[in-house]
Structure formats: C-alpha cells, structure tokens
Amino acid sequence: MKAKKLAAVIFVPFAFSLTACRSGTVQRLTDGSDKMDLQPSVSPDARQIVFCRFKVLTLLDLPGGRTRELKVEGLSNFSSPVWSPDGKKLAFSANHATRYHEGPTGIHIIILDLDSNKWECVTPDANFNTAPCWSPDGEKIAFTKAVRNGNKICIYDLAAKKTRELVVGSARSASWSPDGKTIAFVAGAPSRDIYLIDADGSDQRLLVGNDETDDEEPTWTPDGKFVVFTRQIRITEAPESRDLWAVRVADKTEFQLTRCPKGFWAMAPSCTPDGKAIVFALRRRDHAVLRMMSVNWENPIPQDVR
C-alpha cells in the first residue's frame, strides 16, 4: 500500500548520543509538559529511536535530537513500535480501515518497510493484537492477542505466513532472548509476574514475581544475562509510582534500577544495542517524556529520575 512521505522535521533542543551517556547518569531525550511520548525502541545501529507521541509514530534522530513524524496512509492509533533486527522494518500495532471479516476492523500487527513506506497486516483474522516483538533472526514476530477472558501470546512466521499460540493460559507482553531460544512474558493473577518459556512452547517457569507487586514489560539486555522490567505495588493498592528493575537470569537476583518520586512512572524499557543504557518513558499524570539511563551491570544501583 502506498503512503505519504515523512512529515517536516520538528527540532528538539537536545543534543546527545547513545554512546555518550556516562555511567550513573540519567539523560533527557525529550521534554515538555505538553508531550505524551511513550513506548521507545532503539534502532539496531543506535542512530534513531522510534516511539509514539500521542499515538503517532515518531522518529528521534541521534545525536542531533530532531524528531519527525512518520505519516503512514491508512493507519491510525499506533502503539508499541519495534525495529526489525536489520533496522529496515518496523512492527507495531495500529488501526486500519480494511475489513477482513464482519465486525470492527480492530487493532492489528503491522509490518512497515521503511524504504518503500508500504505496510502489511499480519493479523487479518483477529480483532485486537498488541505488543509485537521480533525474533533475533527477523523471521518471526511474537505478539499479544486478546481472547475471551484474557490474552494469548502468538508467534507469526513471516515466511510461512502462519500463526501459532505459544503459551497455555492467559499471557502477554512477550520478549525474545538474544539467542532466540527463550521468551519472557507476563502472566499470573491477581499479581502479575515474569515467566520464561522455551521458544518451542516447552518448559514454562517463573523468573521473578511475588504477591505484593505487579511486574510488567520485560525486555532482555543484549547479552541475555538480564531481563529488565517495570515494577509497582499491586494495582489494587493504588500505586503512587513505578520503577525499572532487572533480574539476573542465571540466579534470579533482583536489582532496582530507578527511584521514581511520587506521581512518576517509569515505563517501556528498551536497551541500547551495546547494553550500556536503557531508554524508557517517564510518565506523570498529565504528560510523558523519554529518558536514557546508563547502567553498570557489574553493580546495578538505583538512580533517581524525574
């Protein structure tokens, strides 16, 4: 499908590089009380960050700090954009007007080719699909499919053009390990915990979680040694903040990475390709901005963010 060209560049008054973030620092990537910047994903070459600004696909160029809107004809309400391993495509969720079946058009997993600006819907037979994640070889996409009384994690094979369910029971928010052998995901009730499962659907096991917290949005570090996630006091306890945490996969040791003050929520972590920093959204009740935090993985310690 044809689409419009990129919109005019909008300049942002920050200059930075993903490789220049010093150890133990938190850096501003976007700012402003009138922004709603969410769900960042760092490109494989570390030269761009794709994110959603008010549900619009937006690119942040590095190190200059310029943002530009991606106008894609026929799509709206974008969420959860992620780069393909080769950096040539994006996968994300969006609405489109094409009807494949009776009823609402729904939210679908879309693959956008950045060179041609053409897109493909890979979930024509389902109404609500979110949170895509590429396999490291770029041949599959894991995503969350809404079903009655819960969610399912599904795997779409790009070559075979077929979808299979991965996890028995309600689960969501899949994240593929760098070696392609394991997938982290969220499941559990009433608390939400992080589990691991082999990519073939076998050997499901708990990675981290407890009855007092909700753990969400797992993502792997590039070396596969840690899973970064968000943690808050259980929703039923009216949490006042949300922080980034990490768990070392080998021994399940947990590390708090941020200390958010009351009324701040750290969300949607994405590791830089060298693994030295985490890009994330920092949300308040009325707006959200992007931040980058360096991490010393030999001795992770919590850092104050706002």
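Computed from a prediction, not measured in an experiment: that's the story for all the values here.
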May I ask you to decide if [Y]'s main-chain N or O and [X]'s side chain share a donor-acceptor pair within less than 3.5 Å?
{"X": "Lys145", "Y": "Glu165", "answer": "no"}
{"X": "Gln303", "Y": "Ser294", "answer": "yes"}
{"X": "Asp113", "Y": "Ser116", "answer": "yes"}
{"X": "Thr221", "Y": "Gly275", "answer": "no"}
{"X": "Thr30", "Y": "Leu290", "answer": "yes"}
{"X": "Thr219", "Y": "Val228", "answer": "no"}
{"X": "Asp214", "Y": "Gln232", "answer": "no"}

Heavy-atom count check: over 12 atoms from other residues, nucleotides or ligands less than 6.0 Å from [X] [atom1]?
{"X": "Asp251", "atom1": "CG", "result": "yes"}
{"X": "Lys152", "atom1": "NZ", "result": "yes"}
{"X": "Lys140", "atom1": "NZ", "result": "yes"}
{"X": "Lys181", "atom1": "NZ", "result": "no"}
{"X": "Arg285", "atom1": "CZ", "result": "no"}

ask   = Who are the side chain to side chain contact (heavy atoms under 4.5 Å, CB included) partners of Asp211, not counting sequence neighbours?
value = Ser191

Could you state the interatomic distance from [atom1] ([X]) to [atom2] ([Y]), rounded to the nearest 0.5 Å?
{"X": "Gln256", "Y": "Trp245", "atom1": "CD", "atom2": "CH2", "answer": "4.5 Å"}
{"X": "Lys276", "Y": "Met292", "atom1": "NZ", "atom2": "CE", "answer": "12.0 Å"}
{"X": "Lys262", "Y": "Arg284", "atom1": "NZ", "atom2": "CZ", "answer": "11.5 Å"}
{"X": "Asp86", "Y": "Asp137", "atom1": "CG", "atom2": "CG", "answer": "11.0 Å"}

task = List the steps and the verdict of side-chain contact (heavy atoms from CB on, under 4.5 Å) for Leu70 and Leu90.
result = CA-CA 11 Å; Leu70 277 172; Leu90 293 175; 3.9 Å; yes

request  = Only counting residues at least two apart or in another chain, list the ones meeting side-chain hydrogen bond (donor to acceptor under 3.5 Å, both in side chains) with Glu254.
outcome  = Arg231

task = For side-chain contact (heavy atoms from CB on, under 4.5 Å), just list the numbers for Ile155 and Ser135, CA-CA rounded to whole Å, side-chain angles, deciding distance to a tenth of an Å, and then say yes or no.
result = CA-CA 9 Å; Ile155 307 293; Ser135 62; over 6 Å; no

inquiry  = Let's go through Phe78 and Lys55 carefully: what are the C-alpha distance in whole Å and the side-chain angles of both, what is the deciding distance for side-chain contact (heavy atoms from CB on, under 4.5 Å) to 0.1 Å, and is it a yes or a no?
reply    = CA-CA 5 Å; Phe78 299 87; Lys55 296 187 178 182; 5.5 Å; no

query = What orientation do His96 and Trp119 show, parallel under 30°, tilted 30 to 60°, or perpendicular over 60°?
reply = tilted

inquiry  = Can you list, by chain and residue number, the hydrophobic cluster partners of Ile109 when the side-chain cut-off is 4.5 Å?
reply    = Val82, Ile111, Val122, Trp134, Ile141, Phe143, Tyr156, Leu158

ask   = What do the steps show when you test Arg53 against Met36 for side-chain contact (heavy atoms from CB on, under 4.5 Å), and what is the final call?
value = CA-CA 5 Å; Arg53 173 172 285 174; Met36 189 59 72; 5.9 Å; no

task = Group every Ile, Leu, Val, Met, Phe, Trp and Tyr by side-chain heavy-atom contacts under 4.5 Å, then state whether Phe229 and Trp297 land in the same group.
result = no

ask   = For the hydrophobic clusters of this structure (ILVMFWY residues joined by side-chain heavy atoms under 4.5 Å, transitively), does one cluster hold both Leu57 and Leu114?
value = yes

request  = Apply the test salt bridge (Lys or Arg N to Asp or Glu O under 4.0 Å) to residues Glu216 and Arg172: give CA-CA distance (whole Å), side-chain angles for both, the deciding distance (0.1 Å), then the verdict.
outcome  = CA-CA 9 Å; Glu216 301 266 9; Arg172 55 192 172 83; 2.9 Å; yes

request  = Check step by step if salt bridge (Lys or Arg N to Asp or Glu O under 4.0 Å) holds for Asp304 and Arg306.
outcome  = CA-CA 7 Å; Asp304 296 322; Arg306 65 167 57 243; over 6 Å; no

ask   = Side-chain donor-acceptor pair under 3.5 Å between Thr123 and His108, yes or no?
value = yes

